[in-house]
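Read the structure below first, then the notes.
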Amino acid sequence: MELMDIILKRRSIRKYTGEDIPEETLHQILRAGLLAPTSRNLRPWEFYAVRDKETLRRLSAAKTAGGGMLAQCSAAIAVFGDSEKADTWVEDCSIAMSFMMLMAEEKGVGSCWVQIHFRTDASGKAAEENVREILAVPSRFRIAGILSLGIPAEEAKAHTLSDADWGKVHRI
Ligand SMILES: Cc1cc2nc3c(=O)[nH]c(=O)nc-3n(C[C@H](O)[C@H](O)[C@H](O)COP(=O)(O)O)c2cc1C
């Protein structure tokens with residue numbers, strides 16, 4: 001598939017069939033993230049690839065809303081940045097997540113970014129803290145987001161070239 005076709009076809013998918021995505025496919029998605037560019041080539045990320053159903057269920061409850069699909073997905077990749085290694089961890093990790101979303105699309109896997117940073121659970125506790133506890137992640141690792149992955153059980157209309165808002169481009 002042409003890269004532009006993948007970009008247009010990629011939509012956030014939140015419903016999954018329950019079928020497992022093959023280990024080789026998960027490997028290819030992770031590898032795409034590991035090959036993303038980073039400032040000073042520091043690669044400050046740490047990817048936590050989760051398949052365990054109980055852990056996925058606990059992650060789905062880490063924040064009040066918008067993470068429910070984690071309980072149904074086949075796998076999730078929680079992306080952390082080592083804040084002591086690079087002050088660009090947010091940028092570096094976000095690019096890696098984007099690469100992984102595009103690779104997932106290319107492999108027929110639905111994905112959705114789950115925002116954790118700045119979100120809380122019902123008691124007001126930081127969702128990031130919950131995720132760090134669930135996955136036993138050191139405190140210097142900061143969360144960029146979680147990618148939920150699964151075989152799509154919903155169809156989302158592809159973007160079209162006309163969705164590109166050229167008013168956002170300022171030529172000087
Ligand atoms: C930084 C970021 C955070 C997001 N957080 C969530 C989330 O917590 N839950 C969710 O269901 N979707 C989340 N999304 C998905 C967006 O809602 C989605 O990308 C947007 O509506 C555009 O739709 P599309 O991805 O299908 O093109 C997030 C996307 C981004 C880029």
Side-chain angles (χ1 to χ4, degrees), residues 1-18 21 29-30 32-33 36-39 44-50 55-81 83 88-135 137 141-169:
M1 233 188 313
E2 289 273 337
L3 180 55
M4 183 51 78
D5 292 331
I6 297 168
I7 289 171
L8 290 174
K9 268 193 73 201
R10 185 220 54 82
R11 297 295 314 274
S12 292
I13 298 297
R14 302 176 177 87
K15 292 197 175 88
Y16 313 105
T17 61
I21 58 173
I29 294 168
L30 287 163
T38 55
S39 175
W45 47 55
E46 302 288 335
F47 299 164
Y48 287 70
V50 182
T55 307
L56 290 170
R57 190 201 58 74
R58 292 179 66 203
L59 287 174
S60 77
K63 65 170 180 168
T64 47
M69 74 293 254
L70 287 168
Q72 316 299 334
C73 70
S74 166
I77 304 171
V79 176
F80 289 85
S83 58
T88 52
W89 64 269
V90 172
E91 293 83 352
D92 297 333
C93 291
S94 299
I95 297 169
M97 289 183 71
S98 302
F99 273 37
M100 290 195 280
M101 285 195 285
L102 293 177
M103 180 56 83
E105 179 58 43
E106 208 257 341
K107 297 294 167 198
V109 172
S111 72
C112 187
W113 183 308
V114 180
Q115 179 73 17
I116 298 294
H117 196 199
F118 304 123
R119 300 292 180 262
T120 61
D121 66 14
S123 73
K125 187 177 165 197
E128 174 168 2
E129 204 49 47
N130 289 331
V131 173
R132 206 182 275 121
E133 281 169 16
I134 294 165
L135 301 177
V137 173
F141 293 173
R142 302 295 313 280
I143 188 97
I146 303 179
L147 209 56
S148 69
L149 299 165
I151 306 300
E154 62 175 335
E155 266 196 42
K157 213 164 152 281
H159 291 291
T160 63
L161 291 176
S162 60
D163 291 337
D165 180 358
W166 286 93
K168 298 289 186 185
V169 178

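Values in this document were obtained by computation on a predicted structure and should not be read as measured data. Both counts, for ligands and for their atoms, begin at 1 and track the order of listing.
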Under 4.0 Å to a heavy atom of [X] - the qualifying atoms of ligand 1, by number:
{"X": "G66", "value": "7 (C), 8 (O), 9 (N), 10 (C), 11 (O)"}
{"X": "K63", "value": "7 (C), 8 (O)"}
{"X": "V114", "value": "7 (C), 8 (O)"}

Do [X] and [Y] come within less than 4.5 Å of each other through their side chains, counting heavy atoms only?
{"X": "L102", "Y": "E106", "result": "no"}
{"X": "R142", "Y": "R132", "result": "yes"}
{"X": "L135", "Y": "L59", "result": "yes"}

Quiz item: Hey, is C112 touching ligand 1 through its side chain, its backbone, both or neither, going by heavy atoms under 4.0 Å?
Solution: side chain
Self-check item: Residue part near ligand 1, for R14, under 4.0 Å between non-hydrogen atoms
Solution: side chain
Exercise. Considering heavy atoms of the protein only, find what lies nearest to atom 20 (C) of ligand 1 and give residue, atom and distance to 0.1 Å.
Key: S12 OG, 4.6 Å
Practice problem: Could you tell me the residue and atom name of the protein heavy atom closest to atom 6 (C) of ligand 1, and the distance to it rounded to 0.1 Å? | Solution: W113 O, 2.9 Å
Quiz item: What about M69: any of its N or O atoms under 3.5 Å from an N or O on ligand 1?
Solution: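 Looking only at distances, the answer is no, because the N/O contact criterion of under 3.5 Å is not met.
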Just distance, no hydrogens or angles: give the donor-acceptor pairs under 3.5 Å from side chains in residues 112-120, sequence neighbours left out.
residue, atom, partner, partner atom, Å
Q115, NE2, H117, O, 3.0

